[in-house]
Amino acid sequence: MAEKLSYTELYRKLYQYYGPQEWWPSTSDFQMLISAILVQRTNWKNVELALTNLGEDIKAGELIQMEEAVLAEKIRPSGFYRMKAKKIKAWLHWFQKYSFHIKEVQKVDQAVLRKELLAIHGIGEETADAMMLYAFDKPGFIADNYAMRLFDRIGYCLPKTYHAFKTEVEKTFPHDLEMHQEFHALIVEHGKQYCKKTPLCENCPLVSVCRMGSEKTNALI
DNA sequence: ATCCCGCCAG
DNA sequence: CTGGCTGGAT
């Protein structure tokens, strides 16, 4: 088995195999932000159904005036719909402080913005980081389940908490917005295609550099 | 029956 | 740390 890859080398391997992902897969920054909440513990297809129900060109001003129960019904396909309706409302009230202008939010200091987002009911670290990365132009590593599973299997030593994992990767990975955007997208894509809960190591583009992949290969010999 | 790009309350 | 939240695809 080869030497352990740097995070940047891992990024390049994934990029070579999957190509540019150009995330987040939504039609506007506002949709991206809403869908970051809708997608919590839910598959993306169900998020698309919910987005369609909301209307493709939905605006923050309309959403904040919608009855919470009505909003809940519209986003029903995304699951946890009553909770998510509350979360979206809470987030909208925060967004209203910036007059619903994404550009205004982008001016806020990264650390300050992250704290503000985490203070909103229903916004945890992963959702906050996704919003910052794909709508507010703040680069950072998203230490989600896909990333943890992949990094664990590859054989990187794994920090215990989300935050420790995130800062560990950010120490050596370039502080570049587009690279972080692609990195997260590529990790998710890889997690869906090969590095699933029960991994499909056969034909995986990372077998040669993955501890788990090598073990499986060796076991077959 | 299991799995989805989580988060919060207890 | 655990349970609850919830629908839709497979």
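Naming convention: chains lettered A, B, ... in sequence-line order (proteins, then strands); numbering from 1 in each chain. Atoms considered below: every heavy atom in the structure, side chains included; atoms not considered: hydrogens, waters and symmetry mates.
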* OP1 or OP2 of C:dG7 under 4.0 Å from side-chain N/O of A:Arg76 -> yes
* For C:dT2 and B:dC5, measure between their C1' atoms and round to the nearest Å. => 22 Å
* Going by heavy atoms in the side chains, are A:Ile64 and A:Phe95 under 4.5 Å from each other? -> no
* Residue A:Arg149, side-chain heavy atoms: nucleotide from B:dC5, C:dG7, B:dC4 that is nearest -> B:dC4
* Structure fact -> Between A:Lys87 and A:Gly191, whichever has its closest DNA chain B nucleotide further toward 5' is A:Gly191
* Asked: Base, sugar-phosphate alone, or nothing: which one does A:Asn46 contact when heavy atoms must sit under 4.0 Å apart?
  -> base
* Check every atom of B:dG6, B:dA9, B:dC5 against the side chain of A:Trp23 and return the nucleotide holding the closest atom. => B:dC5
* To do: Is it possible for you to say whether A:Ile123 and A:Met83 belong to one hydrophobic cluster, with membership spreading through side-chain heavy-atom contacts below 4.5 Å?
  => no
* Ring geometry between A:Tyr7 and A:Phe151 (parallel below 30°, tilted from 30 to 60°, perpendicular above 60°) -> parallel
* Closest to the A:Tyr146 side chain: B:dC4, B:dC7, C:dC5? -> B:dC4
* Checking all strands, does A:Lys192 fall into the base, sugar-phosphate, or nothing category for heavy-atom contacts under 4.0 angstrom? -> base
* Measure from the side chain of A:Met83, starting at C-beta and using heavy atoms only, and say which of B:dC5, C:dC5, B:dG6 lies closest. => C:dC5
* Asked: Side-chain N or O of A:Tyr81 less than 4.0 angstrom from OP1 or OP2 on C:dG7?
  -> yes
* Asked: How is A:Leu133 classified with respect to the nucleic acid when contacts are heavy atoms under 4.0 Å: base, sugar-phosphate, or nothing?
  -> nothing
* Please state how far atom CD1 in A:Ile142 lies from atom P in B:dC5, giving the value in whole angstrom units. => 13 Å
* Give A:Ile123 one of three labels, base, sugar-phosphate or nothing, depending on what nucleic acid heavy atoms sit under 4.0 Å from its own. => sugar-phosphate
* To do: Would you mind classifying the nucleic acid contact of A:Val188 as base, sugar-phosphate or nothing, using non-hydrogen atoms under 4.0 angstrom?
  => base
* Taking the same atom, P, in B:dC7 and in C:dA9, what whole-Å distance lies between them? -> 24 Å
* Asked: Does A:Thr127 place a side-chain N or O at less than 4.0 Å from the phosphate oxygens OP1/OP2 of B:dC7?
  -> yes
* Asked: When we call it a touch if two heavy atoms are under 4.0 Å apart, what does A:His121 touch: a base, just sugar-phosphate, or nothing?
  -> sugar-phosphate
* For A:Lys84 and A:Thr42, test the side chains for any donor-to-acceptor distance below 3.5 angstrom and give the result as yes or no. => yes
* Asked: Below 4.0 angstrom from OP1 or OP2 of C:dG8, is there any side-chain N or O of A:Asn43?
  -> no
* Asked: Which distance, rounded to the nearest 0.5 Å, do you find between the CG of A:Leu92 and the CD1 of A:Ile37?
  -> 7.5 Å
* Contact class for A:Phe80 (heavy atom, under 4.0 Å): base, sugar-phosphate, or nothing? -> base
